[in-house]
Amino acid sequence: MSNDRRPFIGKIWIEDWRNIHTGKVTPGIKLGGASGIAAHLTKSEAYALANEIVDLADQLPDPTPPKAPIPCYGTNSALLTAADGTPEPDLPATIAA
């Protein structure tokens, strides 16, 4: 079975890293992904990574603009009528995501 989901950092939070062997505490930021903790960064590491991410993001093409909305036909189109010829009320319409 293959997983088509991209790896993703879904949560970031401030939390100390505690070394269970030495007891040393390192203040920092945890990055969490689907598989658990993806990284723990000190303040300087977080700034360096954030700057590098922004620099690389600037090199990516702009995202594809959203598609134009599909018109909802209502008053400008032919009216739907019941079997006896009376007009049917318009149905509420939403754009599918």
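Here the structure is a predicted model, which is why all the values come from computation and not from measurement.
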Show me the donor-acceptor pairs, under 3.5 Å and distance only, between side chains in residues 22-30 and residues at least two apart or in other chains.
residue: Thr22; atom: OG1; partner: Lys24; partner atom: N; Å: 3.2
residue: Lys30; atom: NZ; partner: Glu15; partner atom: OE2; Å: 2.9

Return the CG to CH2 distance between Leu41 and Trp17, rounded to the nearest 0.5 Å.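 Between Leu41 CG and Trp17 CH2, I get 11.0 Å after rounding to 0.5 Å.
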Which residues, ordered by chain and number, are linked to Ile20 in its hydrophobic cluster, where ILVMFWY side chains connect at heavy-atom gaps below 4.5 Å, directly or through other members?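 Ile20 clusters with nothing; isolated.
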Leu49, CG: over 12 other non-hydrogen atoms inside 6.0 angstrom: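 Result for CG/Leu49: enclosed.
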More than 12 heavy atoms of other groups within 6.0 Å of Ile14 CD1: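 Atom CD1 in Ile14 is not crowded, with 12 or fewer foreign heavy atoms closer than 6.0 Å.
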Distance-only, no hydrogens or angles: does the Asp84 side chain make a donor-acceptor pair with backbone N or O of Thr86 under 3.5 Å?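 Yes, the answer is positive, given that a donor and an acceptor are paired below the 3.5 Å cut-off.
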Flag yes if Leu31 and Ile53 sit in one hydrophobic cluster, no otherwise; membership is Ile, Leu, Val, Met, Phe, Trp, Tyr, and two members link when side-chain heavy atoms are under 4.5 Å apart.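 Yes, Leu31 and Ile53 fall within the same hydrophobic cluster.
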Give me each pair satisfying side chain to side chain donor-acceptor pair (under 3.5 Å) with a member in residues 31-40, each pair once, sequence neighbours excluded.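 Side chain to side chain donor-acceptor pair (under 3.5 Å) check on residues 31-40 returns no pairs.
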